[in-house]
Trainee: 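Sharing a structure with you now.
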Amino acid sequence: MDRNPEGAQARIVIAGGGIAGMTLALAVKQALGEAFDVMLVDPAVAARPRIDNRAYAVAAAARNMLDALGVWKQVESAAAAMMEMQITDSRTPDVVRPVFLTFEGEAEPGQPFAHMVENGALVAALLQAAKAAGVTLRAEGVRSGDCGDGGPMQVVLTGGETVQAALLVAADGARSKLREKAGIGWVGWSYAQSGIVATIGHERPHGGLAVEHFLPSGPFAMLPLPDGGQLGHRSSIVWTERSENVEALLSLDEADLLAEIERRFGLQLGEIALESRVSAHPLSFGMARRFVGERLALLGDAAHVIHPIAGQGLNLGLKDVAALAETIVDAARLGLDPGAEDVLEAYEKARRFDTVAMGVVTDGLNRLFSNDSTPLRLVRDLGLGVVERLPGLKRMFIREAAGLSAEAPRLLRGEML
């Protein structure tokens, strides 16, 4: 391993202030303190977090990390424990939707396998913690990064300033300009589906129950949120629909749109109402051919994008954070160069297999369930029934979804770096 390059030994620059980028900035800064400059660059850090109707399933391991970083206690009131999940396979008009598979219980004693957390609360808490830890926040973008003759990364900001860094982290999303400028290829495709998201109010409590209805156009997920709103209780929906139908659906007046939601949501929670605006997001799969370049590491959506069918997109990004933060901190404490080739190769090795495996699983599940083929329906319902009758296999799936393993990075086990 190389020693740090002169002038860059105490700085990393993170381009992108989303959840993954901010969590990485906070983790590294808390671990290395004043001797290490962590600069997070994103125009959005100058503004208050915008109101966002998205919510995320934060797996148990990711919750461990947020707890270790001191963030979880700030968002706990905006989180709802997911204590049970039911999976059905039916058609939209079906009045009766048999439950083929149920996951219930805890990933570990006293710890649900996931919590639903509202995006706005999580972003605000991370931003506050980053400021308190001393992360350098720059309300601009990164124009380019160049190592030139193999020295430190010369990071050019959109305001014209050039700063030196041992490492540049591209956390700038699925359409990452930094990944493109580094010549890192991207393999991906569109699903011809969109994810429609909204917050729904309802009369009856959800009891921590999440439901995923597999419908011919794609899964319709009902995910528990903390109580509140005009009807007293709330859930988040992630409604996967064929893209060709989305414009017509979103152009409906509120009463008609709510009727379409109710056809999928069902009547088990009583009267329902819209608690937020409804928005749609095109769905796709994508994977970078490499997760690292010269003094460059890809993080989160800049490295991979998967279908939301298993609710693992954010958790994959937070696993990246845990692995990269541990790699950077361990190297820096040994006086080594955190942007050296062998250090970055260790990060890629830690994340590549898990990411590809999750991408294959989610892609396969979407193709298997998002259709109305009778033979496929029989096969998949038989498979769900087999899993339902094998408690040991269900337990393994719960722990895998929760991200809990003895080999996980320290932060995911709830340990400080």
Side-chain angles (χ1 to χ4, degrees), residues 53-57 85-102 116 174 188-200 202 209-224 235-269 272 274 276-286 305-313 358-385:
N53 59 342
R54 290 174 297 174
Y56 297 107
M85 185 164 203
Q86 295 179 350
I87 295 175
T88 77
D89 186 12
S90 58
R91 297 177 174 87
T92 306
D94 292 350
V95 176
V96 178
R97 292 174 174 169
V99 175
F100 287 93
L101 182 59
T102 300
M116 287 300 299
W189 51 80
S190 168
Y191 284 115
Q193 295 172 315
S194 292
I196 301 173
V197 297
T199 300
I200 303 298
H202 43 86
L209 172 65
V211 179
E212 187 147 31
H213 297 305
F214 284 116
L215 303 171
S217 60
F220 182 94
M222 300 155 51
L223 307 163
S235 291
S236 175
I237 63 167
V238 181
W239 168 9
T240 302
E241 184 57 68
R242 296 184 182 97
S243 295
E244 63 195 48
N245 299 332
V246 169
E247 184 177 355
L249 286 167
L250 295 190
S251 67
L252 295 173
D253 62 36
E254 183 171 321
D256 288 339
L257 179 58
L258 200 58
E260 287 293 330
I261 293 172
E262 188 173 67
R263 290 178 66 208
R264 296 159 176 83
F265 196 94
L267 303 173
Q268 67 271 27
L269 296 181
I272 66 171
L274 284 174
S276 74
R277 68 183 183 90
V278 180
S279 60
H281 309 270
L283 302 180
S284 62
F285 172 89
V305 176
I306 63 172
H307 196 282
I309 192 168
Q312 290 296 311
M358 184 58 69
V360 169
V361 167
T362 55
D363 181 69
L365 285 173
N366 184 57
R367 294 178 189 277
L368 178 62
F369 283 92
S370 297
N371 62 74
D372 201 21
S373 166
T374 298
L376 280 178
R377 183 182 297 276
L378 291 172
V379 170
R380 68 201 185 206
D381 291 351
L382 177 62
L384 292 174

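Any value given below was found using the heavy atoms of this structure, including those in side chains, with hydrogens, waters and symmetry copies removed.
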Trainee: Between E212 and I309, does a side chain to side chain contact (heavy atoms under 4.5 Å, CB included) hold up when you go through it step by step?
Mentor: CA-CA 9 Å; E212 187 147 31; I309 192 168; 4.1 Å; yes
Trainee: Are F100 and I87 side-chain neighbours, meaning at least one heavy-atom pair lies under 4.5 Å?
Mentor: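 Not touching, per the 4.5 Å side-chain cut-off.
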Trainee: Taking I237 as the fixed residue, which of L223, V197, I196, I200 is the one that meets the side-chain contact (heavy atoms from CB on, under 4.5 Å) rule?
Mentor: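 In the set L223, V197, I196, I200, the residue that makes a side-chain contact (heavy atoms from CB on, under 4.5 Å) with I237 is I200.
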Trainee: Look only at the side chain of R264 and the backbone of W239, and say whether a donor-acceptor pair between them is shorter than 3.5 Å.
Mentor: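 No; zero donor-acceptor contacts below 3.5 Å.
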Trainee: Measure the spacing between NE2 of H307 and OG of S284 and express it to the nearest 0.5 Å.
Mentor: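 Answer rounded to 0.5 Å: 9.5 Å.
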Trainee: Answer whether the closest heavy-atom distance between the side chains of R54 and V238 falls below 4.5 Å.
Mentor: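 Answer no - side chains too far apart.
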Trainee: Any donor and acceptor pair, going by atom type alone, linking the side chain of Q193 with main-chain N or O of S217 inside 3.5 Å?
Mentor: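 Between the backbone of S217 and the side chain of Q193 there is a qualifying donor-acceptor contact (under 3.5 Å).
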Trainee: Would M222 and Q268 count as a side chain to side chain contact (heavy atoms under 4.5 Å, CB included) if you check the C-alpha gap in whole Å, the side-chain angles of each, and the deciding distance to 0.1 Å?
Mentor: CA-CA 12 Å; M222 300 155 51; Q268 67 271 27; 3.5 Å; yes
Trainee: For Y191 versus D363, what's the shortest heavy-atom pair and its separation?
Mentor: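 Closest approach of Y191 to D363, heavy atoms only: OH-OD1, 2.8 Å.
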Trainee: Mind checking whether L250 and E241 have side chains closer than 4.5 Å, heavy atoms only?
Mentor: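 They are not in side-chain contact.
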Trainee: Within this structure, what is the CD-CZ distance for the pair E254 and R277, rounded to the nearest 0.5 Å?
Mentor: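 Atom-to-atom, E254:CD and R277:CZ are 14.0 Å apart.
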Trainee: Hey, is the main chain of S276 close enough, under 3.5 Å, to the side chain of T199 for a donor-acceptor pair?
Mentor: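 The answer is no, because no donor-acceptor pair under 3.5 Å joins these two groups.
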Trainee: Looking at every non-hydrogen atom in both residues, tell me the closest pair between L274 and A198 and how far apart they are.
Mentor: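 Where L274 meets A198 most closely, the heavy atoms are CD2-CB, 4.5 Å.
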Trainee: Taking all atoms of both residues into account, what is the closest heavy-atom pair of V246 and A280, and its distance?
Mentor: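 Of all heavy-atom pairs spanning V246 and A280, the closest is CG1-CB, 3.6 Å.
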Trainee: Nearest 0.5 Å please: distance from the OG atom of S251 over to the CG atom of D256.
Mentor: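 Reported value, rounded in 0.5 Å steps: 9.5 Å.
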Trainee: To the nearest 0.5 Å, how far apart are CG in L215 and CG in N371?
Mentor: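 Here the interatomic distance stands at 11.5 Å.
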Trainee: Quick one: NE2 on H213 to CG on D89, what's the gap to the nearest 0.5 Å?
Mentor: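 Interatomic distance, H213 NE2 to D89 CG, rounded to 0.5 Å: 11.5 Å.
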Trainee: Which value, rounded to the nearest 0.5 Å, describes the distance between L283 atom CG and S243 atom OG?
Mentor: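 Here the rounded value is 7.0 Å.
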Trainee: Where do R377 and R91 land on the side chain to side chain contact (heavy atoms under 4.5 Å, CB included) test, with the steps shown first?
Mentor: CA-CA 11 Å; R377 183 182 297 276; R91 297 177 174 87; 3.7 Å; yes
Trainee: Hey, are the side chains of F265 and H202 touching, using non-hydrogen atoms and a 4.5 Å cut-off?
Mentor: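 F265 vs H202: side chains touch.
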Trainee: Is it true that a side-chain atom of T362 and a backbone atom of G359 form a donor plus acceptor pair closer than 3.5 Å?
Mentor: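 Yes, T362 side chain to G359 backbone: donor-acceptor pair under 3.5 Å.
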Trainee: Flag the pair T88 / P98 as yes when at least one side-chain heavy-atom distance between them is below 4.5 Å, and no otherwise.
Mentor: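 With C-beta onward as the side chain, the pair stays apart.
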Trainee: Work out which heavy atom in P219 is nearest to a heavy atom in N366; give both atom names and the distance.
Mentor: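 Nearest pair, atom of P219 first, then N366: CD-OD1, 4.4 Å.
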Trainee: Write down the atom of L258, the atom of I272, and the distance for their closest heavy-atom approach.
Mentor: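 Closest pair (atom of L258, atom of I272, distance): CD2-O, 3.6 Å.
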Trainee: Please find the pair of heavy atoms, one from H281 and one from S279, that lie closest to each other, and give the distance.
Mentor: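 Closest approach of H281 to S279, heavy atoms only: NE2-OG, 3.2 Å.
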